[in-house]
Amino acid sequence: ANIVYADSLQELVKEATKKMEDKRAALQEANPTVLIEAKVEAGILLDSLEDLCKEIHPILVMMGITGSGIGMDKLIGSNAIAAMHHLHTPIMIIPKGSTFSPLQKICFACDLKNVVQSIPIGSIKLFATLFQAKVHILNIDFHHQNMTGKTLEEYNTLESMLEGIPHEFHFVEDEHTPLAIDSFCTKNNMDLLIMVPKKYSFVKALFHSSQSK
């Protein structure tokens with residue numbers, strides 16, 4: 001097991017705090033109209049993140065992910081996936097090397113089940129309105145396995161929930177949902193993918209299968 005002594009831990013925190021303050025100051029200078037705060041804390045990332053969310057109630061948590069699958073990169077990826085599973089706050093995952101551009105196309109992967117209870121419609125409308133983007137609702141099924149007697153009702157409900165927001169529905173036939181999501185986003189040049197991760201195993205499968213995550 002790795003052992004970190006108190007003196008060395010304090011030095012690490014002190015060094016990290018200095019680097020963080022330098023970064024914060026640079027960001028503040030480049031964005032004078034935005035209040036930027038920084039915090040350095042020694043501890044377990046997910047626990048610290050959960051505590052911070054309870055304290056400040058953010059509308060969004062942003063996390064970087066590299067996805068190379070080795071060393072520290074793999075750890076960062078695992079933390080991001082764990083955060084998606086445990087936190088009750090919308091999380092935006094930013095791949096390594098990404099550059100910002102205005103969002104024009106938002107893909108929302110939806111299974112058309114319990115849409116009122118499960119869909120964070122406020123967050124979706126926020127992004128769509130803020131960037132004047134179009135929402136593409138993607139539903140993937142295979143031989144109608146996921147269709148129920150309420151599917152049409154759920155569709156109509158979601159249609160009403162998106163009133164006033166430019167949107168379009170896409171129904172794709174594919175038995176490999178993670179691959180189908182990846183393929184749709186790539187072929188249609190989606191700028192942002194929104195999901196409600198109801199199953200932890202599905203989130204892991206998407207990250208493992210996707211090359212454009």
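Hydrogens, waters and symmetry mates are skipped; everything else that's a heavy atom, side chains included, is used. Because the structure is predicted, anything quoted here is derived from the model rather than measured.
- Side-chain atoms of Glu154 come within 3.5 Å of backbone N or O of Val115 as a donor-acceptor pair.
- Cluster membership for Ile91 and Leu49, using ILVMFWY side-chain heavy atoms within less than 4.5 angstrom, is shared.
- Cluster annotation: Met161 and Leu126 are assigned to the same hydrophobic cluster (Ile/Leu/Val/Met/Phe/Trp/Tyr, side-chain heavy-atom contacts under 4.5 Å, transitive).
- Salt bridge Lys19/Glu15: present, at least one basic N to carboxylate O contact under 4.0 Å.
- Taking CD1 of Ile106 as the reference point, atom SG of Cys185 lies at 11.5 Å (rounded to 0.5 Å).
- Using a 4.0 Å cut-off between a side-chain N of Lys or Arg and a carboxylate O of Asp or Glu, Lys150 and Glu153 do not qualify as a salt bridge.
- Residues His143 and Glu175 have side chains that never bring a donor and an acceptor to within less than 3.5 angstrom of each other.
- A donor-acceptor distance shorter than 3.5 angstrom exists from the side chain of Thr186 to the backbone of Asp182, with no hydrogens or angles considered.
- A donor-acceptor pair under 3.5 Å is formed between the side chain of Thr151 and the backbone N or O of Thr148.
- Asn139 places no side-chain N or O within 3.5 Å of a backbone atom of Phe171 that could act as its donor or acceptor partner.
- Residue-environment remark: CD (Gln104) stays at or below the threshold of 12 foreign heavy atoms within 6.0 Å.
- Atom CD of Glu163 has 12 or fewer neighbouring heavy atoms from other residues, nucleotides or ligands inside a 6.0 Å radius.
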Full working for side-chain hydrogen bond (donor to acceptor under 3.5 Å, both in side chains) between Glu159 and His167
CA-CA 9 Å; Glu159 182 78 77; His167 63 277; 2.3 Å; yes

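- A search for side-chain contact (heavy atoms from CB on, under 4.5 Å) contacts involving Lys125 returns Ile121, Ile165, not counting sequence neighbours.
- The CZ atom of Phe127 sits 3.5 Å away from atom CE of Met92, with the distance rounded to the nearest 0.5 Å.
- The closest donor-acceptor contact from the side chain of Asp141 to the backbone of Glu173 lies at 3.5 Å or more, if one exists at all.
- Distance alone, capped at 3.5 Å, is enough to place a donor-acceptor pair between the Lys105 side chain and the Asn188 backbone.
- Annotation: Ile44, atom CD1; neighbour count of heavy atoms from other residues, nucleotides and ligands within 6.0 Å does not exceed 12.
- A distance of 8.0 Å separates CG of Leu162 from CZ of Phe108, quoted to the nearest 0.5 Å.
- Linking Ile, Leu, Val, Met, Phe, Trp and Tyr residues whenever their side-chain heavy atoms come within less than 4.5 Å places Leu158 and Val116 in a single cluster.
- By the 6.0 Å contact criterion, CD1 on Ile59 is open, its count of non-hydrogen atoms from other residues, nucleotides or ligands being 12 or less.
- Atom CD1 in Ile181 sits 6.0 Å away from atom CG in Leu138 (nearest 0.5 Å).
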Show me the side-chain donor-acceptor pairs of residues 27-38 shorter than 3.5 Å, one per line, residues at least two apart or across chains.
from, atom 1, to, atom 2, distance (Å)
Gln28, OE1, Ile36, N, 3.1
Gln28, NE2, Asn31, O, 3.2
Gln28, NE2, Val34, O, 2.5
Asn31, ND2, Leu27, O, 2.9

